[in-house]
Amino acid sequence: MGLITPNDFQSLRELYTAQLRYLLSTEKQIVKGLPDMIEHADDLQLKQAFQSHLQESEVHVSRLEDLIGDVNEGDVDDKKDPILTAIVGSGENITKETDPGAVRDAGLIATAQKIEHYEIASYGSARDWAIQLGLSSHAATLEKTLAEEKHADHLLSEISQRANAVAATV
């Protein structure tokens, strides 16, 4: 579960497998962190969006475990993702450094969108690599997850239009 070291990747398949393992870590961190975001959000629509994404993320963990098991001979471990750890930490700071209400919600949305954009980039790369490796069923699974991540980001953008307007009046 350590960080990647030089020369860890000698092939696209190794890079692809590592990307899946990082994504698994990402999704597990999201599953762990979303309940706190749900608890600290005031906006009902935001709470619902976070709850929905928590359920999706649990499915994403399962999908990734299946994909990793397929390419890694049943060894389904993750690689701690330091980038996501930092983003999650910034979200925890938002919660600590703001009072409940619209401003906190705006900060939570921004943190959630940072995570979504990171996931979109990561899933998109993994899907493209799966295609190049001839792993069409993997590519289809990753495309489905990518579409779900894009939908979550779109929903957060819609919520932010209203939430940010409210926060601007505080």
Side-chain angles (χ1 to χ4, degrees), residues 1-6 8-9 15-65 67-68 76-127 129 142 145-168 170:
M1 262 213 260
L3 295 176
I4 293 176
T5 58
D8 276 355
F9 310 123
L15 186 62
Y16 171 70
T17 302
Q19 180 79 334
L20 294 178
R21 292 170 67 203
Y22 273 137
L23 279 164
L24 181 58
S25 169
T26 295
E27 294 292 0
K28 286 180 176 179
Q29 288 181 67
I30 291 167
V31 166
K32 183 179 177 189
L34 270 171
D36 190 56
M37 293 175 80
I38 293 166
E39 178 185 335
H40 287 97
D42 275 0
D43 184 278
L44 183 57
Q45 189 180 11
L46 181 58
K47 283 181 177 284
Q48 291 170 340
F50 285 160
Q51 183 62 49
S52 175
H53 198 60
L54 174 59
Q55 293 167 348
E56 279 185 344
S57 293
E58 290 168 344
V59 172
H60 297 169
V61 167
S62 178
R63 287 179 190 161
L64 286 164
E65 288 174 343
L67 295 178
I68 293 167
V76 183
D77 58 342
D78 62 7
K79 275 193 180 271
K80 190 73 166 178
D81 190 326
I83 295 168
L84 193 75
T85 301
I87 296 172
V88 169
S90 73
E92 291 169 354
N93 289 342
I94 293 285
T95 301
K96 292 175 189 170
E97 297 169 1
T98 58
D99 291 327
V103 173
R104 179 181 286 171
D105 285 350
L108 291 173
I109 292 167
T111 298
Q113 285 196 287
K114 288 177 193 177
I115 292 168
E116 291 306 323
H117 293 185
Y118 182 72
E119 287 183 294
I120 289 166
S122 298
Y123 276 109
S125 295
R127 179 214 44 215
W129 295 339
L142 293 164
T145 303
L146 180 60
E148 292 165 354
E149 299 296 359
K150 287 178 179 180
H151 177 263
D153 181 57
H154 179 74
L155 180 58
L156 288 168
S157 290
E158 288 180 358
I159 295 168
S160 76
Q161 296 302 309
R162 181 180 37 75
N164 290 343
V166 172
V170 174

Using every non-hydrogen atom in the two residues, find where [X] and [Y] come nearest and quote the distance to one decimal.
X    : Y    : answer
I87  : T111 : O-CG2, 3.7 Å
A112 : L156 : CB-CD1, 3.6 Å
I38  : Q51  : CD1-OE1, 3.4 Å
L34  : S57  : CD1-OG, 4.5 Å
I68  : V76  : CG2-CA, 3.9 Å
D105 : H40  : OD1-O, 4.2 Å

Next on the checklist: Out of the candidates R63, K32, H60, only one should pair with E27 under the side chain to side chain donor-acceptor pair (under 3.5 Å) rule; please name it.
Outcome noted: H60

Do [X] and [Y] have side-chain atoms, one donor and one acceptor, less than 3.5 Å apart?
X    : Y    : value
Q48  : S52  : no
E119 : T26  : no
E158 : H154 : yes
E149 : H53  : yes

To the nearest 0.5 Å, how far apart are [atom1] in [X] and [atom2] in [Y]?
X    : Y    : atom1 : atom2 : answer
L146 : E148 : CG    : CD    : 9.5 Å
Q29  : I115 : CD    : CD1   : 8.5 Å
L64  : L24  : CG    : CG    : 5.5 Å
D99  : D42  : CG    : CG    : 10.5 Å
M37  : L46  : CE    : CG    : 7.5 Å
L23  : L67  : CG    : CG    : 9.5 Å

Contact between [X] and [Y] at the side-chain level, heavy atoms closer than 4.5 Å - yes or no?
X    : Y    : result
T98  : L108 : no
F50  : D36  : no
R104 : T95  : yes

Checklist entry - Is K79 reaching over with its side chain to a backbone N or O of Y22, donor-acceptor style, under 3.5 angstrom? => result no

Next on the checklist: Can a donor-acceptor pair be found, under 3.5 Å and without considering hydrogens, that links the side chain of Q19 to the backbone of S122?
Outcome noted: yes

Next on the checklist: Determine whether R162 and D43 satisfy the following criterion, side chain to side chain contact (heavy atoms under 4.5 Å, CB included), listing intermediate values before the conclusion.
Outcome noted: CA-CA 10 Å; R162 181 180 37 75; D43 184 278; 2.4 Å; yes

Checklist entry - Checking side chain to side chain contact (heavy atoms under 4.5 Å, CB included) for the pair I30/L84: CA distance, chi angles, key distance, verdict? => result CA-CA 9 Å; I30 291 167; L84 193 75; 4.1 Å; yes

Next on the checklist: Counting neighbours of NE2 on H151 that are heavy atoms of other residues, nucleotides or ligands and sit closer than 6.0 Å, is the number greater than 12?
Outcome noted: no

